[in-house]
Amino acid sequence: MRKEQSAAGKKPMYDGRSRNLGLSQSEKTVLRLATPESGEIVVNDLIRGEIKFSNKELDDLILLRSDGSPTYHLCNVVDDYEQNVTTVIRGEDHISNTPRQIHIQNALGYPPLEYAHLPLVLGTDKKRLSKRNAATSLEEYKEKGYLDTAILNTLARLGWSQGENEVFYIDDLIKEFKIEEVQKAGAIFDITKLDWLNSQHLSNLTLEDFKNKLSPFLKNLNIDIKDHRNEDKLIDSMRTSDNTLSGISSNLVPYYTGIETYDEKAIKKFIKDKSILVQLRNLLNEINNWDQEVIESTLKDFQVTNDLSVPAVNQPIRISLVGSTKSPGLGLTLSIFDKNEALNRIDKLISYIG
RNA sequence: GUCCCGUUCGUCUAGAGGCCUAGGACACCGGGUUUUCAUCCCGGCAACAGGGGUUCGACUCCCCUACGGGAUGCCA
C-alpha cells in the first residue's frame, strides 16, 4: 500500500481501509484512532503563535499495539491528564506530534493544554545535543569545576535574554523568565560563554563559600585545603587564576606541596647564575618582620641600589617559590609562605642550579 | 515527495515600520594597570541568507527561493 502511495507521489499513510468494517478487537490487531478526515487543528504555541495542521495530513494513528501495549502518544496524553498538567513545555522536535496528541485528548474528552515548544540546544557542529550527550556532559562540566549556578545561567541564556543582563541566578530567573520571550531558533552551546559566566559566579561567592566549593577539587589532588598556614590569603589571591575550580586547584598545587618540576625555560631566561639568588636569600633572611610591605620595600631597595631590572630580581624568587613565573604579586606571594619555607624553597633552587 | 518549524556579528542575543550610521555580551585583536600570570579598565574588528513585493519609509509585514531542523514508526 505504501509503495503504491509513494509511487503516486503521495504521503505514505494508512488509508483507513478497515475503518468501517466493524472489526472487534482481537489478538494480533492494533487499535487505531479514527482521526477526523477534514478540518484542521490549530496549536496555539506560547513561543511560536498559531500553528495549523490539516487533518488530511494525519492518518489514523495507532493507540494500542497488536500486543495490547499502549503507544507513546497515548501514554503521553493520559499521563499529562492524570498528572494535571496544564502547560506542555518541550523541544521543538515535538511540534508535529502535537496535533496527534490533541486528537487523542479530544477523543478522550480531556481539556485542552497550553503548549510551548522550545528551540533545541545545538552543539558546535550545529547538530542537536542529544539527551544522553547533554546529561553526561552536564556531569562532566560539574566535575571540571563549573558551578551549578553558572551552568544554569548559561543554559537559560540560550534562547532567552533580558536587557543587558548576563548574570542570572535561579531567583532572578524565577522572577524574570518568561516563556513567551524565548527565541524561536536553536542555539549553539558555546563553552567560552560558560567559562566566563563561571568566573563571574565564582567571583560572586564569599571567600567562605568559595573555599567550600574548592575544597573537594583539592581533595581530588590529595590536598587538604586547611593544610596551609595562610589558607585564606592564599586562596583569595588565587581565586582568579582560572575560570574553573579544577583549574584553580591545580594552580594551587605548588603552594601546598613542594615544587615538582621547574619551568626550565624560565630558569634559562631569568637566572644566569646562582649568585643573585644567594644574595636575595641572605637579604630576605635579614627581614625580621615578615610582612608583605616590608618584603616589597626591601626587594625594591635591592633592585634600585644594584641597578637591576625588576624581573631580574623578582623572577628568580618566583621560580623558587612556585616553580614558574606565574604567581600573584611577589610581596604577596612571599608573605603567603612562612619565612622559613620561602628560604627553603630558594635554597632548593640554588642547589638545583648547582 | 508531502506537512511543520526556523534563518541578525565567529557564538549568545537586542530589535515588535522611521529611535538602526543595526545595540549589548562572550570570543578575538590592540592598549593601559600588575614591570610575571590572572583579574580589572579602555579601544577595535564583526551581522540583518537571497530575490521579489506592500509602504513616503523595511531587520521589522507578505510571497518565492536557498539552507538548516523536525514529522511522515505497532520508537520515545
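Values reported hereafter were calculated over all heavy atoms of this structure, with side chains retained and with hydrogens, waters and symmetry mates removed.
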_Considering every strand and a 4.0 Å limit on heavy-atom distances, what is the contact class for A:L158: base, sugar-phosphate, or nothing?_
sugar-phosphate
*asked:* Measuring only the P atom in each nucleotide, how far is B:G50 from B:U11? A whole number of Å is fine.
replied: 15 Å
*A:E114 and its side chain to side chain contact (heavy atoms under 4.5 Å, CB included) partner, picked from A:N44, A:L46, A:V85*: A:L46
*Base-pairing assignment for B:C74 (Watson-Crick or G-U wobble, both under 3.5 Å)*: none
*asked:* Tell me if a side-chain donor or acceptor on A:K348 pairs with a main-chain N or O of A:S320 at a distance below 3.5 Å.
replied: no
*asked:* Pick the closest RNA chain B nucleotide for A:S237 and for A:I95 by heavy atoms, then say which residue is nearer the 5' end.
replied: A:I95
*From the list B:U13, B:G70, B:U7, which nucleotide is the closest neighbour of the side chain of A:A185?*
B:U7
*Distance, C1' atom - from B:A27 to B:G52, rounded to whole angstrom*: 37 Å
*Which value, in whole Å, describes the distance between the C1' atoms of nucleotides B:G10 and B:U65?*
26 Å
*Using the C1' atom in both, what is the distance from B:C63 to B:G69, to the nearest Å?*
22 Å
*Rounded to whole angstrom units, what separation is found between the CZ atom of A:R128 and the P atom of B:A71?*
7 Å
Kindly give the atom pairs (protein nitrogen or oxygen, nucleotide nitrogen or oxygen) under 3.5 Å for nucleotides 26-32 of chain B.
unit_1, atom_1, unit_2, atom_2, d
B:C26, O2', A:T192, O, 3.4

*B:C12 P sits how many Å from A:I191 CD1, rounded?*
15 Å
*Say whether A:N97 and A:Y72, considering side chains only, have a donor N or O and an acceptor N or O under 3.5 Å apart.*
no
*Roughly, in whole Å, what's the span from CG in A:L74 to C1' in B:G73?*
15 Å
*For B:A49, which nucleotide in any strand shown is its Watson-Crick or wobble partner with both distances under 3.5 Å?*
B:U65
*Distance between P atoms of B:U55 and B:A46 (Å, rounded)*: 36 Å
*asked:* At 4.0 Å (heavy atoms only), tell me whether A:H117 reaches a base, stays on the sugar-phosphate, or touches nothing.
replied: nothing
*Which one, B:C5, B:G24, B:U11, comes nearest to the side chain of A:E92?*
B:C5
*In whole Å, what separates the P atom of B:U8 from that of B:G15?*
14 Å
*Check for a donor-acceptor pair, side chain of A:S215 on one end and backbone N or O of A:N212 on the other, with a separation under 3.5 Å.*
no
*Base paired to B:C28 (Watson-Crick or G-U; both N/O distances under 3.5 angstrom)*: B:G44
*asked:* Within the 4.0 Å heavy-atom criterion, would you say A:F53 contacts the bases, only the backbone, or no part of the nucleic acid?
replied: sugar-phosphate
*Distance, rounded to the nearest Å, where A:L197 contributes CG and B:U13 contributes P*: 13 Å
Might you list the N or O atoms of the protein lying below 3.5 Å from N or O atoms in nucleotides 34-36 of chain B, with each pair's distance?
unit_1, atom_1, unit_2, atom_2, d
B:U36, O4', A:Q315, NE2, 3.3
B:U36, O2', A:T325, O, 3.4
B:U36, O2, A:T325, O, 2.4
B:U36, O2, A:S327, N, 3.2
B:U36, O2, A:S327, O, 3.4
B:U36, N3, A:R318, NH1, 2.9
B:U36, N3, A:S327, O, 2.5
B:U36, O4, A:S327, O, 3.2
B:U36, O4, A:P328, O, 3.2
B:U36, O4, A:G329, N, 3.0

*Scan A:L284, A:N285, A:L283 and name whichever one has a side chain to side chain contact (heavy atoms under 4.5 Å, CB included) with A:R281.*
A:N285
*Among the nucleotides B:C5, B:G24, B:U2, which one has an atom lying closest to any side-chain atom of A:R48?*
B:C5
*Got a donor-acceptor contact below 3.5 angstrom from the A:R32 side chain to the A:D59 backbone?*
no
*On RNA chain B, check which nucleotide each of A:Y72 and A:Q162 is closest to and give me the residue with the more 5' one.*
A:Q162
*Using the salt bridge (Lys or Arg N to Asp or Glu O under 4.0 Å) rule, take A:K326 and A:D263 through it: C-alpha gap first, then chi angles, then the decisive distance, then the call.*
CA-CA 10 Å; A:K326 297 174 185 175; A:D263 179 344; over 6 Å; no
*Separation of B:C74 P from A:L33 CG (nearest whole Å)*: 14 Å
*Counting only Watson-Crick or G-U wobble pairs whose two distances fall under 3.5 Å, which nucleotide matches B:U21?*
none
*Backbone N or O of A:I287 within a donor-acceptor pair of the A:K339 side chain at under 3.5 Å?*
yes
*A:R157 side-chain proximity, nearest of B:G24, B:C74, B:G70*: B:G24
_Taking only the P atom of each, what is the distance from B:C62 to B:C67 in whole angstrom?_
23 Å
*Select base, sugar-phosphate, or nothing to describe what A:E166 touches, counting heavy atoms under 4.0 Å on all strands.*
base
*Distance, rounded to the nearest Å, where A:K269 contributes NZ and B:C37 contributes C1'*: 13 Å
*Mark yes or no for whether A:N230, through its side chain, and A:F337, through its backbone, hold a donor-acceptor pair below 3.5 Å.*
no
*Looking only at heavy atoms, which two atoms of A:H73 and A:R100 are closest? And how far apart?*
NE2-CD, 3.9 Å
*Between A:Y146 and A:N243, does any side-chain donor sit less than 3.5 Å from a side-chain acceptor?*
no
*Could you check which nucleotide pairs with B:G57 in any of the strands shown, counting Watson-Crick or G-U wobble with both distances under 3.5 Å?*
none
*Rounded to whole angstrom, note down the P distance from B:G43 over to B:U36.*
23 Å
*Touch check for A:N97, heavy atoms < 4.0 angstrom, all strands: base, sugar-phosphate only, or nothing?*
base
_B:A76 OP1/OP2 closer than 4.0 Å to side-chain N/O of A:R65_ = yes
*Are a donor atom and an acceptor atom from the side chains of A:T149 and A:H201 found within less than 3.5 Å of each other?*
yes
*Taking OH from A:Y115 and P from B:A71, how many angstroms apart are they, rounded to a whole number?*
17 Å
*Figure out the CD/C1' separation between A:Q183 and B:C48, and round it to whole Å.*
13 Å
